[in-house]
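Here's the structure, in structure tokens; my notes come after.
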Amino acid sequence: MRLVGLTGGIASGKSTVSGLFKSAGVPVVDADVVARNVVQKGTGGWKKIVKAFGNGILLENGEIDRAQLGQVVFTDPEKRKLLNRLLAPHISCGIFWEILKLWVKGCLVIVVDIPLLFETKMDRWTDPVVVVWVDPKTQIERLMSRDSCGQEQAQGRIDVQLALDWKKSEADIVIDNSGSLDDTKEQFQEVLKQVSGPLTWKERMMSRDGLLSIVVCTAAGVLLAQKNLL
């Protein structure tokens, strides 16, 4: 089984590339979806957040106001670290559970879409790592347009993340999303060929069928050894 790490920066276009993988039939585990699930009302993650940040971050229906919570943690580095620390175990378990379900189905290539791939050290579990990069000018312009915010606010949100250029330097594969969607799609086709190529011996052994083969061969070897001893 091949786990492909997909990451980028805010307004870099990572979600666009994630969507392209899905359209191509490659299963995607989306950390943002997992994160939303683990903070639904009544869950362990929800209880931890309410205890740490108070009822002021709740909507009338009791669900967490993600926009309000986002404003709180973006302006306070310590609260942002606290939030990440509280949710990290829940999100990690959720991601591994989704991967396990796909493994059971026999999927050979799985894309793991994680915005904080490097920050959470989960890049050690993925190979290759794909980074969606965009030049700084385009990134801030897209963020301002997307979220209807000013340049200062947009820059502040970019600055709290790891530098996109650093992520680019750590990537195995880079998709430059600074141009048009057609340009990105063209690059994606090449990336798709790379990540969908023949699995290595180690990756095959990590797959469901590979593990079953090991179990069957081991069992057969044990039975044969017992027969020879009789």
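Positions are given from 1, in the same order as the sequence printed here.
Counting all heavy atoms, side chain and backbone alike, Val29 lies closest to Leu102 at CG2-CD1, 3.7 Å. Looking at every heavy atom in both residues, Val134 comes nearest to Asn177 through CG2-O, 4.0 Å. Across every non-hydrogen atom of Pro128 and Ile173, the tightest pair is CG-CD1, 4.0 Å. For the pair Glu203 and Leu199, the tightest heavy-atom approach, listed with the atom from each and the gap, is OE1-CA, 3.3 Å. Between Val129 and Asp172, the shortest heavy-atom distance links the atoms N-OD2, 2.7 Å. Residues Ser18 and Asp113 share a closest heavy-atom pair of OG-OD2, 3.1 Å.
With hydrophobic clusters built from ILVMFWY side chains whose heavy atoms lie under 4.5 angstrom apart, Leu108 shares a cluster with Phe21. Leu59 is not connected to Ile57 by any chain of hydrophobic side-chain contacts under 4.5 Å among Ile, Leu, Val, Met, Phe, Trp and Tyr, and they are in different clusters. Tracing side-chain contacts under 4.5 Å through hydrophobic residues (I, L, V, M, F, W, Y), one never reaches Ile64 starting from Phe74; they form parts of separate clusters. Residues Trp166 and Leu117 share a single hydrophobic cluster, defined by chaining ILVMFWY side chains whose heavy atoms lie under 4.5 Å apart. Val195 and Val112 are assigned to two separate hydrophobic clusters, defined by single-linkage of ILVMFWY side chains at heavy-atom distances under 4.5 Å.
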Item to check | Pair Arg36-Arg66, side chain to side chain contact (heavy atoms under 4.5 Å, CB included): steps then yes or no | outcome: CA-CA 9 Å; Arg36 285 195 291 270; Arg66 293 171 60 85; 3.3 Å; yes
Checklist entry - So Ile110 and Met1, side chain to side chain contact (heavy atoms under 4.5 Å, CB included) or not? Walk me through it. => result CA-CA 8 Å; Ile110 301 170; Met1 180 179 66; 3.6 Å; yes
Item to check | Verdict with supporting geometry, Lys185 and Leu20, side chain to side chain contact (heavy atoms under 4.5 Å, CB included) | outcome: CA-CA 8 Å; Lys185 288 182 176 180; Leu20 291 174; 4.1 Å; yes
Next on the checklist: For Lys14 and Val17: C-alpha separation, side-chain torsions, deciding distance, then whether side chain to side chain contact (heavy atoms under 4.5 Å, CB included) applies.
Outcome noted: CA-CA 5 Å; Lys14 178 183 61 62; Val17 174; 5.8 Å; no
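Trp97 CH2: 12 or fewer foreign heavy atoms inside a 6.0 Å radius. Within 6.0 Å of the CD atom in Gln68, the count of heavy atoms belonging to other residues, nucleotides or ligands exceeds 12.
Remark: the backbone N or O of Gly62 is paired with a side-chain donor or acceptor of Trp46 at under 3.5 angstrom. Listed for the Ser178 side chain is a donor-acceptor partner under 3.5 Å among the backbone atoms of Asp135. Although no hydrogens or angles enter the test, the distance criterion places a donor-acceptor pair under 3.5 Å between the side chain of Gln161 and the main chain of Ile10. Without hydrogens or angle criteria, Thr126 side chain to Val4 main chain gives no donor-acceptor distance under 3.5 Å. The main-chain N or O of Gln139 is never found under 3.5 Å from a side-chain atom of Arg142 such that the two would form a donor-acceptor pair. In this structure, Trp103 contributes its side chain and Met206 its backbone to a donor-acceptor pair below 3.5 Å. Panel note: side chain Lys79, backbone Ala52; no donor-acceptor pair is recorded below 3.5 Å. Here the side chain of Ser92 pairs a donor or acceptor atom with the backbone of Ala88 at under 3.5 angstrom. In terms of modelled atom types and a separation under 3.5 Å, the side chain of Ser207 and the main chain of Arg204 share a donor-acceptor contact. Although no hydrogens or angles enter the test, the distance criterion places a donor-acceptor pair under 3.5 Å between the side chain of Ser12 and the main chain of Gly9.
Interatomic distance, Thr7 OG1 to Met122 CE, rounded to the nearest 0.5 Å: 11.5 Å. Atom OG1 of residue Thr120 and atom CD1 of residue Ile114 lie 5.5 Å apart, to the nearest 0.5 angstrom. Remark: Gln71 CD to Arg157 CZ distance equals 9.0 Å, nearest 0.5 Å.
Ion pair Glu119/Lys167 flagged as a salt bridge, since at least one NZ, NE, NH1 or NH2 atom sits closer than 4.0 Å to an Asp/Glu carboxylate oxygen. Checked for salt-bridge contact, Arg2 and Asp127 miss the test: no charged N lies under 4.0 Å from a carboxylate O.
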